[in-house]
Amino acid sequence: QYAAAIPKFVTAVLAGRPPVVFGDGEQTRDFTFVENVVEANLAAAAATGPAVGGVFNIACGQRISVNDLIRAIGRIAGREVTPRYDPPRVGDVLHSEADISHAARLLGFRPPVDLTEGLRRTVQWFQMQPGG
């Protein structure tokens with residue numbers, strides 16, 4: 001459900017609508033920019049030895065609350081943001097953070113794009129789209 005959270009939040013913020021948050025927004029996630037996933041896949045494709053066929057978590061390796069994420073998007077977009085809080089969804093995980101140490105050790109993976117830069121690029125991309 002949170003896989004599309006950033007595009008939904010950015011779209012709402014740029015349109016002047018309140019982003020919808022399920023729960024109080026204090027739940028945390030470990031979001032990552034697509035370039036990080038591409039870099040990890042390239043590293044995995046070139047892997048040898050014990051990394052071959054391995055399973056790896058790919059993320060930034062740090063978590064952020066949904067509230068802080070929305071505030072960051074608002075700062076980047078230069079907009080005041082007041083989320084709309086809906087009831088929490090049944091079964092939602094409250095806190096999630098990827099352990100990327102296995103990918104770091106076997107693939108040499110370090111996320112090349114941190115969360116703030118990834119958000120900046122994402123907001124900029126959405127702003128360049130028609131109607132953005």
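Source: prediction; values computed, not measured. Any value given below was found using the heavy atoms of this structure, including those in side chains, with hydrogens, waters and symmetry copies removed.
Put simply, CD on Glu97 and CZ on Arg29 are 12.0 Å apart, with the number rounded to the nearest 0.5 Å. The OG1 atom of Thr11 lies 11.5 Å from the CD1 atom of Ile6; values are rounded to the nearest 0.5 Å. Note that the CG atom of Asn41 and the CG atom of Asn36 stand 11.5 Å from one another [nearest 0.5 Å]. With rounding to the nearest 0.5 Å, the separation of NZ in Lys8 from CD1 in Ile73 is 13.0 Å.
Hydrophobic clustering keeps Ile64 apart from Ile100 (ILVMFWY residues linked when any side-chain heavy atoms are closer than 4.5 Å, directly or through intermediates). Residue Tyr85 is grouped with residue Val13 when hydrophobic side chains (ILVMFWY) are merged at heavy-atom distances under 4.5 angstrom, including chains of intermediate members. Both Phe31 and Val123 belong to a common hydrophobic cluster when Ile, Leu, Val, Met, Phe, Trp and Tyr are linked at side-chain heavy-atom distances under 4.5 angstrom. The cluster map of Ile, Leu, Val, Met, Phe, Trp and Tyr, joined by side-chain heavy atoms under 4.5 Å apart, puts Leu119 and Val34 in different clusters. Val113 and Phe126 fall into different hydrophobic clusters, defined by Ile, Leu, Val, Met, Phe, Trp and Tyr side-chain heavy atoms under 4.5 Å apart, directly or through other members.
By the 4.5 Å heavy-atom criterion applied to side chains, Gln127 and Leu14 are counted as neighbours. Side-chain contact check for His102 versus Val55: every heavy-atom pair is 4.5 Å or farther apart. Between Val21 and Gln27 the shortest side-chain heavy-atom distance falls below 4.5 Å. Inter-residue side-chain proximity for Val66 and Phe22 is flagged as unmet; no heavy-atom pair is nearer than 4.5 Å.
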Side chain to side chain contact (heavy atoms under 4.5 Å, CB included) between Gln124 and Ile76, worked out: CA-CA 9 Å; Gln124 182 179 44; Ile76 291 165; over 6 Å; no
Side chain to side chain contact (heavy atoms under 4.5 Å, CB included) evaluation trace for Glu26 with Asn67: CA-CA 6 Å; Glu26 289 305 305; Asn67 286 327; 2.7 Å; yes
Test log, rule side-chain hydrogen bond (donor to acceptor under 3.5 Å, both in side chains), inputs Asp99 and Ser101: CA-CA 6 Å; Asp99 178 357; Ser101 62; 2.7 Å; yes
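Minimum interatomic distance between Pro112 and Glu39 (heavy atoms only, all atoms of both residues): CG-CG, 3.7 Å. Closest approach of Ala98 and Ala59 over heavy atoms only: CB-CB, 3.6 Å. Nearest heavy-atom pair across Ile58 and Phe109 is CG2-CZ, 3.8 Å. Nearest heavy-atom pair, Thr28 versus Arg63, reported as atom, atom and distance to 0.1 Å: OG1-CD, 3.3 Å. Residues Cys60 and Asp30 approach most closely at N-OD1, 3.2 Å, considering heavy atoms. Closest approach of Val81 to Pro83, counting heavy atoms only: O-CD, 3.9 Å.
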